[in-house]
Amino acid sequence: MKKQLLYSSFLLLIGCTAVAQNRDAIKFSQTINKDNAYKHLSVLASDEYEGRETGKKGGWMAAEYIRNHFKSIGLKGPVAGDYFQPINLVSYSLSQIVTVDGQPAEALNDFFIMPKTVSAKGFAFNANSILFAGYGLTKDGYNDFADQTLTGKVVMIFKSGEPGSTAPATASLRNSSALNAKLKYLAEQNAQAVLLIDPLVDNMPDNVRGYLQSEEMVLKNKETTDRMEVAQPMPVISIGTALANKILAGAGTSIETLKKKIADSGKPSSQEIKISVCASASKVENKVRAENVLGFLEGSDPKLKREVLVITGHYDHIGITPDAKGDDKINNGADDDGSGTTGVLLIAEAFAKAKKQARDLKGASCL
């Protein structure tokens, strides 16, 4: 009987403690509600915060907003007394130059270079002639490189397509694989550089233009520094129809003339074109101000306070798209990840209030 009474009392105590815990959870979770969420989100996702791009004004504003909230609810700054943990981010802008017959071409309108293909050392070349090698194909008895010396040459080829084909160029996996095979072959033959006649230059989508205009941002450490020191086998420059025709004019011909000649004869029309082409590309490193925002709330349980529970969300977004059609160019980022950031702020406030009004549940009793 005593054992049964003791067991019943034990269950009752557990039940009362659980109820007390649930009541506390319910009480302090009430700060996590639609109205409080809207107060934070309507600020973080506002036009004033300009899409919260990392390293830009809106991102800094968001970081300061989060810090001020942590400070206001009593969280400590765990980074030597501060709330900001600096991140060693740098961005690289690409300086790129192409001249044909002494005349400068216009980046993104006449040509482009993929930023990630340029190493930290950059590249430069000065050629007195260009080897036009058609479609860069070597198959089925057709070889654009037959009887041509590729070592040390700047080679110009069509990015895609085949002799006589009128199909529009597409960004298919098949085309991508074929292009990689062409570039691999040219690198193995020690070509100095490659000029790709690319239709994308003539009709560049806004998202591609935006990517090419953006700076490459990386976390600067030994791994990324070592990776960026590794040079590509050879420079690859995509050029548009106008610039390609300007080069071909050095031999009194044009893209359409050569395509027709190749299609009609079924034979390559590879040839050396006497015209000067110079190109260079280099990366300029810029320090980026960026920080994690940390707030710390010490626990009260003697044992559990030695553990750390991390609640996190990213507060940055993609900022402004200058070339976006229409007047709305700001990517406000309410869902990505203004909502997650708001959740972190509300949870932090709920925990802070709970600690402020904490009571020892060990002596809880049932009424």
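The analysis underlying the following values was restricted to heavy atoms, covering all of them including side chains, and did not include hydrogens, waters or symmetry mates. By convention here, the first residue in the shown sequence is residue 1.
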_Run the salt bridge (charged side-chain N to carboxylate O under 4.0 Å, His left out) test on Glu162 and Lys139 for me, step by step, so that the C-alpha distance in whole Å, both residues' side-chain angles and the decisive distance to 0.1 Å come before the verdict._
CA-CA 11 Å; Glu162 296 183 355; Lys139 65 175 187 176; 2.8 Å; yes
*Ignoring hydrogens and geometry, is there a side-chain-to-backbone donor-acceptor pair from Asn88 to Lys220 under 3.5 Å?*
yes
*asked:* What I want to check is whether the side chains of Asn190 and Lys153 have a donor and an acceptor closer together than 3.5 Å.
replied: no
*State yes or no: do Ile87 and Val90 share one hydrophobic cluster built from I, L, V, M, F, W and Y residues joined by side-chain heavy-atom distances below 4.5 Å, directly or via other members?*
no
*Got a second to check how far Ile237's CD1 is from Leu195's CG, nearest 0.5 Å?*
5.5 Å
*Does a side chain donor of either Thr224 or Asn221 reach within less than 3.5 Å of an acceptor in the other side chain?*
yes
*When you look at Thr138 and Asp144, which way does the side-chain hydrogen bond (donor to acceptor under 3.5 Å, both in side chains) test go after all the steps?*
CA-CA 6 Å; Thr138 55; Asp144 279 312; over 6 Å; no
_Any side-chain to backbone donor/acceptor pair from Asn36 onto Thr31? Under 3.5 Å, distance only._
yes
*Any side-chain donor near an acceptor of the partner, Ser276 and Asn128, under 3.5 Å*: no
*So do the side chains of Glu291 and Gln85 get within less than 4.5 Å of each other, counting heavy atoms only?*
no
*Is the shortest side-chain N to carboxylate O distance from Glu223 to Arg227 below 4.0 Å?*
no
*Would you name the heavy atoms of Leu41 and Ser339 that are closest together and state the gap between them?*
CD1-N, 3.7 Å
*Quick one: pull up NZ in Lys56 and CZ in Arg289 and give me the separation to the nearest 0.5 Å.*
14.0 Å
*asked:* For Ala324, is there any backbone N or O sitting under 3.5 Å from a side-chain donor or acceptor partner on Lys329?
replied: yes
_Atom pair CD (Glu53) and CE (Met217), whose distance is rounded to the nearest 0.5 Å_ = 6.0 Å
*Report whether Val218 and Leu89 are members of the same hydrophobic cluster (ILVMFWY, side-chain heavy atoms less than 4.5 Å apart, transitive linking).*
no
*Measure the acute angle between the ring planes of Phe158 and Phe132, then classify it against the limits of 30° and 60° as parallel, tilted or perpendicular.*
perpendicular
*Kindly give the cluster partners of Leu304, where membership spreads through any ILVMFWY side chain lying under 4.5 Å from a current member.*
none
_Residue list, side chain to side chain contact (heavy atoms under 4.5 Å, CB included) with Asp47, at least two apart or on another chain_ = Ile330, Asn332
*asked:* Keeping Thr341 on the side-chain end and His314 on the backbone end, is there a donor-acceptor pair under 3.5 Å?
replied: yes
*asked:* I'd like to know if the side chain of Thr149 reaches the main chain of Thr151, judged simply by a donor and an acceptor atom lying under 3.5 Å from each other, with no hydrogens or angles considered.
replied: no
For residues 258-265, please give each side-chain donor-acceptor pair under 3.5 Å, one per line with the distance, not counting sequence neighbours.
from	atom 1	to	atom 2	distance (Å)
Lys260	NZ	Asp264	OD2	2.8
Ser265	OG	Lys261	O	2.8
Ser265	OG	Lys267	N	3.1
Ser265	OG	Lys267	O	3.4

*Can you name the ring pair (Phe, Tyr, Trp, His ring centres under 6.0 Å) partners of Tyr185, sequence neighbours left out?*
Phe145
_Those residues that, when tested against Ala62, pass side chain to side chain contact (heavy atoms under 4.5 Å, CB included) (two or more places apart)_ = Leu44, Tyr49, Arg52, Tyr315
Taking distance alone, no hydrogens or angles, what donor-acceptor pairs closer than 3.5 Å link side-chain atoms of residues 91-104 to residues at least two apart or in another chain?
from	atom 1	to	atom 2	distance (Å)
Ser91	OG	Glu215	OE1	2.5
Tyr92	OH	Glu285	OE1	2.9
Gln96	OE1	Ile113	N	3.3

*asked:* Applying side chain to side chain donor-acceptor pair (under 3.5 Å), can you list everything that pairs with Asp226, at least two apart in sequence or on another chain?
replied: Lys222
What donor-acceptor contacts under 3.5 angstrom involve side-chain atoms of residues 246-254, with partners at least two apart or in another chain?
from	atom 1	to	atom 2	distance (Å)
Ser254	OG	Thr257	N	3.3
Ser254	OG	Thr257	OG1	3.0

*Do Val308 and Tyr83 belong to the same hydrophobic cluster, where Ile, Leu, Val, Met, Phe, Trp and Tyr are linked whenever their side-chain heavy atoms lie under 4.5 Å apart, directly or via other members?*
no
*Working to the nearest 0.5 Å, report the span between CZ of Phe28 and NZ of Lys356.*
11.0 Å
*Quick check: does any side chain N or O of Asp301 sit under 3.5 Å from a backbone N or O of Lys303, one acting as donor and the other as acceptor?*
yes
*Using atom types as modelled and distance alone, determine if a side-chain donor or acceptor of Asn292 lies under 3.5 Å from a backbone N or O of Pro86.*
no
_Checking one residue: Tyr38. Which other hydrophobic residues are in its cluster under the side-chain 4.5 Å linking rule?_
none
*Roughly how far apart are Lys71 NZ and Ile66 CD1, rounded to 0.5 Å?*
15.5 Å
*Look only at the side chain of His317 and the backbone of Gly338, and say whether a donor-acceptor pair between them is shorter than 3.5 Å.*
no
_Contacts of Ala146 that satisfy side chain to side chain contact (heavy atoms under 4.5 Å, CB included) - sequence neighbours left out_ = Asn143
*Report the residues that fulfil side chain to side chain donor-acceptor pair (under 3.5 Å) with Glu298, sequence neighbours left out, ordered by chain and then residue number.*
Lys305
*Spell out, yes or no, whether Met156 and Leu200 are grouped together once hydrophobic residues are joined by side-chain heavy atoms under 4.5 Å, including indirect joins.*
no
_I want to check something: taking the side chain as every heavy atom from C-beta on, are Val236 and Met114 in contact at a cut-off of under 4.5 Å?_
no
_Checking Gln148 against Ser270: is there a side-chain donor and acceptor pair closer than 3.5 Å?_
no
*asked:* If I take atom NZ from residue Lys355 and atom CG from residue Leu75, how far apart are they, to the nearest 0.5 angstrom?
replied: 9.0 Å
_Over 60° means perpendicular and under 30° means parallel, so tell me whether Tyr65 and His40 are parallel, tilted or perpendicular._
perpendicular
*asked:* Tell me whether Asn126 contacts the main-chain N or O of Cys278 through its side chain, where contact means a donor paired with an acceptor under 3.5 Å.
replied: no
_Pro115 versus Tyr211, closest heavy-atom pair with distance_ = CD-CE2, 4.3 Å
*Would you find a donor on one side and an acceptor on the other, under 3.5 Å apart, between the side chain of Trp60 and the backbone of Thr54?*
no
*Go through the structure and list residues passing side chain to side chain contact (heavy atoms under 4.5 Å, CB included) with Ile32, not counting sequence neighbours.*
Leu346, Ile347, Ala350
